[in-house]
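Just so you know, ligand 1 is whichever comes first in the structure, and atom 1 is the first atom listed for that ligand.
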Amino acid sequence: MSRPVSAPRGTRDLLPEDGAAWSRVEGIARDLSERYAFDRIDTPLFERIELFSRGLGESSDAVEKEMFRVSGAAGSEEERAEWALRPEPTAGIVRAYLEHGMHVRPGPQRLWLIGPMFRYDRPQAGRFRQFVQWDVEVIGDPGPMVDAEIIELGQRFYTECGVRDVVAYVNSIGDAECRPGYRAALVDYFSANQDRLTDDSRRRLQVNPLRVLDDKELDADLAARAPRAIDHLCDACRAHFAAVQALLDDLGVHCEIDHRLVRGLDYYTRTTFEFYVAGRRGQQQALGGGGRYDALAELLGGPPTPGIGFGIGIDRTVLAAAEQGVEARAAAPLVAVVSADPEALTRRLRVAGTLREAGVRVRADGTSRKLGKQLESAAKIGARYAVIVGGETGNVILRDLDASDQREMPLSEVAAALH
Ligand code: HAM
C-alpha cells in the first residue's frame with residue numbers, strides 16, 4: 001500500500017464534530033451583517049499580485065513574506081501569470097468597487113463576505129496558512145460615526161458569540177498630511193537606538209518605520225518612550241479621532257487606546273483597531289482587526305474614496321469560544337426512519353420527505369437489516385427518535401429511543417410530538 005496523502009501543513013479539515021461550533025459563529029456573523037444592513041459581496045480567491053503589492057504595500061508581511069503564488073496550467077500562456085491567493089479581502093473588494101463603478105450607487109456601500117484567506121506563514125496554534133475571515137467594509141463614508149459603528153459591531157459579534165472580556169484596542173495613525181511628520185519622528189528616535197532593534201526592525205526602519213512598533217520583540221522600555229502617533233496628528237485627524245473616542249465612550253464599547261497599534265498593512269489611515277481577549281495579546285491572538293483606509297482606492301488607480309472595515313478571524317473566534325466553555329447550540333433532535341419491510345424504500349423516503357417538509361431533521365435507513373438492528377444503529381448515530389414505517393395504513397410508529405416507549409399515530413402528528 002502506498003503512503004496516505006495528508007493535508008498541507010497549516011491547513012485544517014473541518015470535521016463533523018466541529019461543524020456545529022463553526023455554523024453557530026458564522027451564523028451570527030451572517031445575521032449581524034443583515035441586521036447592520038450590509039450587502040453580500042464575493043470576490044475571487046486569487047487576484048493579480050499587483051493588487052496586493054500596491055494595496056497592502058511591498059513591505060507588508062502579507063506581500064513580502066507570506067504570498068501564496070498561483071500559476072496557470074503548465075505550457076499555457078498564463079503559466080507564469082502573476083497571481084496570488086488572497087491574503088485578505090479588502091484590496092479585492094475595493095478593486096471590485098472601482099471596477100464596477102459602485103461609487104455612482106446611492107449612499108456609502110456596506111459590504112460583507114465570509115471566506116478563506118491564505119498566508120504562507122509559519123503555522124502555529126491559531127495561525128494557519130488557510131483561515132476564514134468575516135469581513136465588513138463601508139466604502140464612501142468619511143466617518144467618524146461609522147468608525148464607532150464598525151467597532152461596536154465587532155464587540156457585539158463577540159458578545160453574541162459568548163466570547164467574554166474582549167477589548168477593542170484603538171489608535172489613530174494619521175493621514176497623508178500628518179503621517180510624514182510622525183514617520184520622521186520615529187526614524188529619528190529609532191535610528192538613535194539602532195543597537196536595541198532586531199534585524200527585522202533595523203531593515204524596516206528605512207522602508208516602513210511604523211512597523212517597528214509592531215515588532216513583538218521590541219525592547220519594552222524603548223517602545224514605551226517611542227513617539228506616539230496621536231501627538232503628531234494634524235487638526236483634522238485629531239478631531240476625527242476625538243469624535244470616534246467620544247462615540248465609543250457614549251456607547252459603552254469596551255476599548256482602550258494603544259499607541260503601538262499601527263497594523264501590518266500599508267493602506268491604513270486614521271482609525272486602526274484590533275480585538276483581543278483582555279490579557280491575551282500574543283502574536284496569534286488577535287481575534288480581529290481593521291481600520292480606515294482612505295487612501296486605498298487611489299493606490300489602486302481610483303478616485304479618492306474613504307473606507308473602513310474589519311476582518312474577524314473565524315478560526316480564532318471558534319477557538320476562543322471553545323476555550324471559554326461556550327457550548328455550540330444543540331442541533332434539532334435527529335429522527336431515523338426505519339422499516340421492517342425491505343421493499344418499503346419509496347415509503348421510507350416519502351415519510352422522510354414529509355417530516356423534512358415539516359422542519360424535522362431526518363436520516364432514512366435504506367438497508368434491509370432486521371428492524372432491531374436498524375433501531376440499534378439509529379441510536380448509535382445519535383437519533384433521539386425512530387419513525388417505524390409499517391404496512392399500508394397512514395399511521396407510523398414513533399419510538400422514543402431514550403425512553404424506549406412507542407406510540408402509533410398518523411404521520412401528520414409526528415412533528416408536533418417531538419420535543
Ligand atoms: P488582519 O489583521 O491581517 O486584517 O486580519 C484580520 C484577522 O484575521 C486577524 O485579527 C486574525 O483574527 C485573522 N487572521 C489573520 N491571519 C491569520 C492566520 N494566519 N491564521 C488565522 N487567523 C488569521 C486584515 O486582513 C484586514 N483586511 C482587515 C480589514 C478589513 N481592514 C479594513 N477592512
Side-chain angles (χ1 to χ4, degrees), residues 9-12 25 29 38 41 43 47 51-52 55-57 60-63 65-68 85-95 97 109-139 141 143 146-147 150-151 153-154 157-158 161 163 166-171 173 211 214 261-277 280-297 299 305-321:
R9 224 160 83 79
T11 67
R12 300 186 307 156
V25 165
F38 284 81
I41 186 164
T43 59
E47 298 265 6
L51 174 72
F52 303 121
L56 280 53
S60 65
D61 284 349
V63 170
K65 301 184 188 158
E66 300 165 4
M67 203 59 107
F68 243 115
L85 297 179
R86 64 181 182 194
E88 63 91 57
T90 311
I93 292 175
V94 173
R95 176 203 47 72
Y97 175 92
Q109 295 297 298
R110 296 165 70 88
L111 307 165
W112 72 274
L113 69 71
I114 293 182
M117 309 297 153
F118 305 86
R119 295 184 192 176
Y120 194 80
D121 203 351
R122 198 159 49 84
Q124 292 179 31
R127 192 200 284 168
F128 311 105
R129 288 183 172 170
Q130 176 177 333
F131 58 96
V132 175
Q133 271 188 12
W134 170 41
D135 182 87
V136 305
E137 307 291 351
V138 180
I139 308 178
D141 188 332
V146 70
D147 302 36
I150 291 285
I151 295 170
L153 167 58
F157 168 74
Y158 299 116
C161 286
V163 181
V166 175
V167 183
Y169 294 92
V170 297
N171 194 14
I173 57 168
R211 296 292 315 283
D214 237 5
L261 199 115
V262 292
R263 307 275 298 140
L265 309 172
D266 283 5
Y267 55 58
Y268 289 111
T269 51
R270 294 192 166 174
T271 314
T272 54
F273 57 90
E274 275 175 5
F275 298 103
Y276 288 86
V277 171
R280 304 204 51 182
R281 291 210 58 186
Q283 214 167 4
Q284 287 81 249
Q285 286 165 337
L287 294 177
R292 185 162 274 291
Y293 46 85
D294 295 347
L296 176 57
L299 287 173
T305 315
I308 183 164
F310 65 54
I312 281 182
I314 296 290
D315 307 66
R316 292 185 190 172
T317 305
V318 170
L319 285 169

Item checked: Neighbour count above 12 (heavy atom, 6.0 Å) for R280 CZ -> no
Item checked: Other residues, nucleotides, ligands: >12 heavy atoms within 6.0 Å of Y120 OH -> no
Item checked: Contact partition for R119 relative to ligand 1, non-hydrogen atoms under 4.0 Å -> side chain
Item checked: ligand 1-proximal atoms of Q284, by part, heavy-atom distance under 4.0 Å -> neither
Hey, which atoms in ligand 1 end up nearer than 4.0 Å to a heavy atom of [X]?
X    : value
G126 : 20 (N), 21 (C)
G289 : 10 (O), 28 (C), 29 (C)
L287 : 10 (O), 12 (O)
Y293 : 32 (C), 33 (N)
D135 : 30 (C)

Minimum-distance protein heavy atom relative to [atom]:
atom                    : answer
atom 31 (N) of ligand 1 : Y268 OH, 2.7 Å
atom 32 (C) of ligand 1 : G309 O, 3.2 Å
atom 12 (O) of ligand 1 : A286 O, 2.8 Å
atom 8 (O) of ligand 1  : Q133 NE2, 3.2 Å
atom 13 (C) of ligand 1 : G313 CA, 3.8 Å

Checklist line | Distance (rounded to the nearest 0.5 Å) between D266 CG and L299 CG | finding: 8.5 Å
Check: Quick one: CZ on F38 to CD on E137, what's the gap to the nearest 0.5 Å?
Finding: 8.5 Å
Checklist line | Side-chain heavy atoms of R127 within contact of R122, under 4.5 Å | finding: yes
Next item on the list: Examine E274 against ligand 1 and note whether any of their N/O atoms are separated by less than 3.5 Å.
Entry: no
Margin query: Are any of the N/O atoms on L265, whether in the backbone or the side chain, positioned under 3.5 angstrom from an N/O atom of ligand 1?
Written below: no
Selected option - heavy-atom contact closest to [atom], from [options]:
atom                    : options               : value
atom 1 (P) of ligand 1  : Q285, E137, R263, E88 : R263
atom 15 (C) of ligand 1 : Y120, F131, F273      : F131
atom 26 (C) of ligand 1 : F128, Y267, F310      : Y267
atom 10 (O) of ligand 1 : G290, G288, G311, P87 : G288

Item checked: T272 side chain vs L261 backbone, donor-acceptor pair below 3.5 Å -> yes
Item checked: Any donor-acceptor pair under 3.5 Å from R316 side chain to L287 backbone -> no
Margin query: Can you tell whether the side chains of D61 and R211 come within less than 4.0 Å, N to carboxylate O?
Written below: yes
Note to self: For D315, is there an ion pair with R12 - N to carboxylate O distance below 4.0 angstrom?
What the structure shows: yes
Margin query: Please enumerate all residues that pass ring-ring contact (aromatic ring centres under 6.0 Å, His included) together with F273, with sequence neighbours excluded.
Written below: F275
Next item on the list: Tell me, please: is R129 in heavy-atom contact with ligand 1, that is, under 4.0 Å?
Entry: no
Next item on the list: For D121 and ligand 1, answer yes if some heavy atom of the residue is under 4.0 Å from a ligand atom, otherwise no.
Entry: no
Check: Any idea which heavy atoms bring A168 and I151 closest together, and the distance?
Finding: CB-CG2, 3.8 Å
Check: Got a sec, which residues hit salt bridge (charged side-chain N to carboxylate O under 4.0 Å, His left out) with E274, two or more places apart in sequence or on another chain?
Finding: R263
